2 protein chains.
Amino acid sequence: MFKVGEFSKVAQVSARLLRHYDEVGVFAPAHTDATTGYRYYTAEQLPRLNQILALRDLGLSLEQIRNMLSESITNEEIRGMLRLQKAQLEQSISEQAFRLQLVETRLRYLEQQPASPLYDIALKTLPAQPFLSLRETVPMFTAGSILFMIHQAMPRHQFKQRGACTALFYGDNFDDQVCDWEVGFLMPDDALKTVTLSDGRELHLRILPPENQMVSTIYSGRWLGLHLGYSTLGEWIAQHGYQIKGIGREVFHQLHPPEHGENNVTEIQFPVEKIAV
Amino acid sequence: MFKVGEFSKVAQVSARLLRHYDEVGVFAPAHTDATTGYRYYTAEQLPRLNQILALRDLGLSLEQIRNMLSESITNEEIRGMLRLQKAQLEQSISEQAFRLQLVETRLRYLEQQPASPLYDIALKTLPAQPFLSLRETVPMFTAGSILFMIHQAMPRHQFKQRGACTALFYGDNFDDQVCDWEVGFLMPDDALKTVTLSDGRELHLRILPPENQMVSTIYSGRWLGLHLGYSTLGEWIAQHGYQIKGIGREVFHQLHPPEHGENNVTEIQFPVEKIAV
DNA sequence: CTTGACTTTAACGCTGCGTCAAGGTTTATG
DNA sequence: CATAAACCTTGACGCAGCGTTAAAGTCAAG
């Protein structure tokens, strides 16, 4: 019969760990003195403890371990738990590897250029959202202006605009002088189906599908500089083994008339997917 | 000016996150109403928040992020932090990969054999420890018996035996009929230098060097079955890309006279190292 | 003015123990 | 045998990053 301190030494673990395992019910002492509460362990318990430590080394939680060690568990259930753990470890590793790639990219850039341009690119997941919009072909880099005009021409009392002004661009050659835009507003679920502008054009409601991987960057200032955002995003996407998967968006978080363009805040988003390795 | 709820929507984060970031000082709202406590954010803050989220995606802690965003930080310091993070990620990945390997091995075994023999193998780190011992060449599988005899022949009042009875085996052919053993007791730091047994033999004190990677398994029962432990350990070591690096040990946690050998509890330990890949 | 939609601060929860702290037990020593 | 040293007990906080109620104050629409 060992007391916790002795047993912790032969087992090479801390006494606190033994108490904790007793408390949560994964490993109880062979005997507990009813009056003093002292825990007494025996050498015969060592293999069991070693089992538990080995399972812990697999990354299993104490609760999972308790289940695995219960009498009434089938071999098949154990295998199921291990397969689950395997899958989780694989996912965790790929996440960590991705982070590592991000860090490495950033380090390379910092060593090339003192000022870091590639600073605020994030991955997001977007849910499906109603979108009240209008599709038109207009000169490049003017989607915001159209939105601004629409914003003006809109009978504003007819709806409560909750989401942001957003534009989707179709067509994949960004060097062209014109572009095919769908401009409008992200809406709450109970939005109107159609809105007629004061100049007669109509906005129609549709559901934008969810996107589970969007890269996004935010650009502050006049739209003349917006191409910097695009090139940075493009570099990032290539650097990290992604490719563009669908239709890009601009979100106008702060939309001013052309003469105050320096205060604009514009977000650029692209849905992406990993290139198969 | 957005209130938290609105800002959380345009930024695609939860309101709780914004409050938390305010609380810990990584991202404060542009304005806070002094009387109501309401937080008000502006669109111009979006790039900053995106920066923070991007840094978070690297796996940095909020405290690190706060430091990186402070004005008074040099480019060199930032690179240092990133290099540190890179190193930590690499280590974390290799740990996870190792766990994964453990899980896979276990799954393979479970699919071959319903009863899992390879159940309680753990990696340990041992500190340097004083060892009061005696070296002899004796028949295989009898180290425990010697220890038992020594135990009897020892003038027990002379020392407080705190550690376990332990044996080290020299020579690397385990199939041989004799083996070179060093048997003795792990001792506390203030132990006696020499002890003379009643049969005239002497135990001498020396310091066992620390081992930072020991594989260990615990076997219960008569020593006749002990080879099972050895073979299991050997398989495990090979399976996981390790090799034996030094002198193996047996630790006798429960040492009985030969006629009660079925109650013995014996641990087998080998120092190992990863084979370079 | 009344809702209802939002906001605030406060606090627990989660994981697996490490780390005191206050107060009994056991054991070694004088 | 008295007493101190060494060990044991339960209890509780801490950590990281928010998610999740909960109670109570604000704000905007009708």
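Model, not experiment: these values are computed from the prediction. Just so it is clear: chains get the letters A, B, ... in the order the sequence lines come, proteins before strands, and each one is counted from 1.
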Crowding at CD, Glu90(B) (>12 non-hydrogen neighbours, <6.0 Å): yes
d(NE2, His31(A); C1', dC8(D)) in whole Å: 14 Å
Atom-pair distance (NE2 on His20(B); P on dA11(C)), nearest Å: 17 Å
Heavy-atom check, side chain of Val251(B) versus side chain of Thr266(B), under 4.5 Å: no
Side-chain (Ser133(B)) to main-chain (Gly184(B)) donor-acceptor, under 3.5 angstrom: no
Backbone of Asp120(A) reached by a side-chain donor or acceptor of Asn50(B) within 3.5 Å: yes
Interface with DNA chain C, restricted to residues 95-103 of chain A and to heavy atoms under 4.0 Å: none
Side chain Arg19(A) and base dT9(D) donor-acceptor under 3.5 Å: no
Side-chain donor/acceptor contact of Tyr21(A) with base of dG16(C) under 3.5 Å: no
Check: Phe27(A) ring centre within less than 6.0 Å of Tyr21(A) ring centre: no
Side-chain N or O of Ser14(B) closer than 4.0 Å to phosphate OP1/OP2 of dC18(D): no
Nearest-nucleotide comparison on DNA chain C, the residue closer to the 5′ end among Tyr38(A) and Ala15(B): Ala15(B)
Of the listed nucleotides dC27(D), dT25(C), dC17(C), the one nearest the side chain of Arg16(A): dC17(C)
Note: Glu23(B)-Arg19(B) ion pair, threshold 4.0 Å (strictly below): no
